Amino acid sequence: MSIIRVALDKPLNTLFDYLGPAGVTEQDIGCRVFVPFGKSRMTGVIMEVASYSDISPDKIKQAGQVFRDVPPLPPELLDLFRFCSEYYHHPLGEVVMNGLPIRLRGSQPFFIRTAPIVFQYRLTTKGRAVDISAIPGRSIAKRRLLVKLKESGMIEDGEAKQFSSRTSEAMKEFVGLQWVEEIPLAPPVVSTSPSQETSPLPVLTPAQKNAIDAIVPKMGEFHTWLLHGVTGSGKTEIYLQLISLLLRQARQTLVLVPEINLTPQLELIFRARFPGVRLVSLHSGLNPTERAEGWVQAQHGEAEIILGTRLAVFTPLPRLGMIIVDEEHDLSFKQQEGLRYSARDVAVFRAKRAGIPIVLGSATPSLETYYNAITGRYLLLRLPSRAPDNASLPTVQYIDIGKIKTQEGFSPPVIAALEKGLASNQQSLVFINRRGYAPILLCRACGWTALCHRCSSRLVVHLREKKLRCHHCGHQAEFPSLCPECGNQDIAPFGHGTQRIEAALTRLFPDARIARIDRDSTRRKDSWQRILKDIREQRVDILVGTQILAKGHDFPNLSLVSILNSDASLFSTDFRASERLFAQLMQVAGRAGRSGTPGEVLIQTRFPDHPLYRALYQHDYDALARILLEERKTAHFPPFVYQALLRAEAPAIATTLAFLAKAATLAKAPHQIKVFDPVPAQMARLKGMERAYLLVQSRSRKKLQEFLGNWRTKLDSLPSHKVRWTLDIDPLEF
DNA sequence: AGCACGCCGACT
DNA sequence: GTCGGCGTGCTC
């Protein structure tokens with residue numbers, strides 16, 4: 001009699017032992033299994049098969065059906081899950097189930113829809129024991145179905161459907177009651193022709209050639225490569241050539257991209273370059289079935305290129321030869337709820353275990369990655385100039401809005417540059433990282449501002465809808481006509497958002513074709529693709545938008561980028577704000593002047609001499625990185641220390657802080673560990689919850705991990721009524 | 001996380 | 001007497 005240990009999607013730090021169904025062997029490790037749990041039933045994954053259990057025999061229940069519809073998760077993937085569970089101090093069951101496509105988490109078996117799925121229905125032992133009188137006499141269809149099943153023991157889908165129009169409904173009910181087993185007949189897998197490359201290869205720049213020459217001899221080994229190259233320096237071409245090499249060796253490549261609508265674009269490039277190659281793209285735009293299909297194709301080794309967002313790092317890949325993380329600095333690689341993993345870091349671990357190279361690409365690497373590269377942990381490859389024709393980098397100019405007056409957010413030089421662009425039929429981009437009409441609704445008499453009652457944030461004015469909206473919780477409020485505080489009528493929007501800038505541009509340039517691009521204008525499906533098409537086909541003169549514009553898209557006819565106001569991030573309390581602002585501005589600036597025409601970047605600021613702006617002026621990431629690293633070193637911030645947060649939230653801040661204070665007393669920290677005092681989170685109130693955290697840091701990752709392990713067991717036993725808490729390892733947001 | 005059990009207050 | 005509040009404990 002064998003015991004199976006099952007991972008279940010429960011916030012409990014343990015596996016659950018069950019009596020394995022007859023015939024369960026070690027071969028079934030990694031298979032999904034349907035088991036009773038408490039009063040309900042659920043699907044889990046068999047992590048171990050054993051001959052004994054420490055649980056008292058009377059407690060152990062019998063496991064249900066083992067799903068063998070898809071191959072079991074390979075041991076490497078189970079190892080990856082175990083690593084994540086340990087490193088992120090998160091229950092293994094949740095990690096495992098989080099890694100599966102939603103379609104495979106349920107109690108239904110799954111097959112690729114290459115052909116219509118044919119089901120067989122077989123009466124179970126339980127079903128055979130059911131007496132016909134258990135079904136009410138009026139349910140004729142059900143009665144007849146049961147009789148038929150008892151006669152033949154098994155019927156096929158088609159046959160059952162002919163039987164009566166109510167059959168499929170009745171059958172579902174029988175399956176639910178476990179009288180009947182639903183057995184899908186696997187359709188044959190369609191195989192495609194072997195892959196081959198056709199398009200002629202572009203000429204490489206010397207830097208591209210150097211990079212490829214460096215990586216290729218080490219393709220069979222684990223190395224973390226940082227490919228540091230400005231926008232347009234040709235990182236994609238390097239990815240393509242490396243992938244092409246792996247295709248010839250019949251190995252798979254996993255390409256991770258940020259969570260934006262960028263996947264289709266890269267997919268097009270890959271498909272154009274490798275026609276006939278089986279590429280699977282795994283992103284949030286897919287429905288559960290499509291996602292599971294792609295996942296299964298990857299697992300079978302049929303897909304050769306797997307292109308996906310952070311979740312794709314958990315795809316089973318039997319012939320994995322390389323991992324690429326594009327735009328590795330992007331925040332969307334870190335999941336900000338539940339299992340707070342960094343897909344980039346998990347990918348590095350995965351590559352290490354698999355003994356394969358991983359390439360991190362960025363124009364503005366995260367300081368963590370950059371530090372690893374300059375200290376030799378990672379191998380650094382630079383792509384200094386722009387490909388293809390060495391197009392010159394855009395010129396950057398600053399407009400000191402402390403000295404020059406602006407009207408409606410625009411300084412005269414920016415207006416002049418926009419005019420020039422219109423006159424010469426060139427496109428311009430106006431960047432303002434704030435959607436809505438105005439960020440503040442202000443009473444000029446008493447200073448009252450509209451606040452969200454569920455979050456510690458201001459309500460943003462959305463003029464078109466005549467609403468006030470909270471950008472953090474989605475709460476909407478009506479536009480007051482009087483100040484609720486003092487009754488004055490003199491309340492007005494203050495500050496600028498994309499809608500207001502769009503309105504101002506319409507007044508300034510009545511004949512210009514203006515497109516606003518932000519989350520509000522691209523919310524509807526396909527609207528972003530439509531706007532992109534308009535831009536490409538020259539039906540837009542001026543683009544106004546938020547950071548959506550900054551990411552990855554080429555606008556061939558864009559020559560001017562204006563950045564209206566980004567000073568706020570210069571003096572943020574968040575120690576990563578400068579790094580992010582620089583990355584963002586580099587990206588936006590990089591939109592200007594591709595393919596031949598030199599671009600122009602105008603930045604309105606009160607601090608033109610700030611080191612960040614000076615580095616941007618010289619396109620010198622390294623200069624700024626050195627300054628920021630120096631600051632981080634003296635202030636004992638990452639990457640010179642490792643951090644973890646104990647995050648807690650409760651309806652009342654006192655509850656939250658009391659919990660954290662209690663947690664702090666449990667932290668008998670060794671001397672290499674520093675435990676800070678509990679502090680309210682930056683967004684102290686969010687969706688009606690009061691949030692705070694406790695920061696723990698150490699210069700030794702190992703020591704920090706040891707400490708966290710001990711601490712967590714103590715935290716688990718702490719009574720935590722009303723308080724929800726989680727550990728956030730390597731936090732990015734505070 | 002759910003969900004049941006269980007022990008004290010205000011109601012038909 | 002009972003309905004129901006949520007504090008505590010368990011889930012293989």
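The analysis underlying the following values was restricted to heavy atoms, covering all of them including side chains, and did not include hydrogens, waters or symmetry mates. Residue numbers start from 1 in every chain, and the chains themselves are labelled A, B, ... in the order their sequence lines are given, proteins ahead of strands. Keep in mind that this is a model prediction, so the values were computed, not measured.
- One interatomic measurement links the two molecules: CG of A:L718 to P of C:dT8, which rounds to 12 Å at whole-angstrom precision.
- Between A:D131 and A:S133, the side chains place a donor N or O and an acceptor N or O closer than 3.5 Å (distance only, hydrogens not considered).
- Using a 4.0 Å cut-off between charged side-chain N and carboxylate O, A:E706 and A:K702 make a salt bridge.
- The separation between A:K10 atom NZ and B:dA1 atom C1' is 5 Å, rounded to whole Å.
- Put simply, CG on A:L15 is 16 Å from P on C:dT11, counting in whole angstrom units.
- Residue contacts shown for A:Y18 are limited to sugar-phosphate atoms, with no base heavy atom under 4.0 Å away.
- When distances are taken from the side chain of A:K39 to each of C:dC12, B:dA1, B:dC3, the shortest belongs to B:dC3.
- Within the nucleic acid shown, A:L8 has no heavy atom closer than 4.0 Å to any nucleic acid atom.
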Q) Would A:Y341 and A:F349 satisfy ring pair (Phe, Tyr, Trp, His ring centres under 6.0 Å), going step by step from the backbone distance to the final call? A) CA-CA 12 Å; A:Y341 68 102; A:F349 177 83; over 10 Å; no
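- Across the protein-nucleic acid pair, A:F37 atom CZ and B:dA1 atom P stand 13 Å apart, rounded to whole Å.
- If you take CE of A:M42 and P of B:dC3, they are 10 Å apart, rounded to a whole angstrom.
- Contact annotation for A:I55: base contact, defined as any heavy-atom pair under 4.0 Å involving a base atom.
- The CD atom of A:E94 sits 9.5 Å away from the OG atom of A:S85 when rounded to the nearest 0.5 Å.
- Going from atom CZ of A:F16 over to atom P of C:dC10 covers 13 Å, rounded to whole Å.
- Look at NZ on A:K61: it is 11 Å from C1' on C:dC10, rounded to the nearest Å.
- A:D716 has its CG atom 11 Å from the P atom of B:dA1, to the nearest Å.
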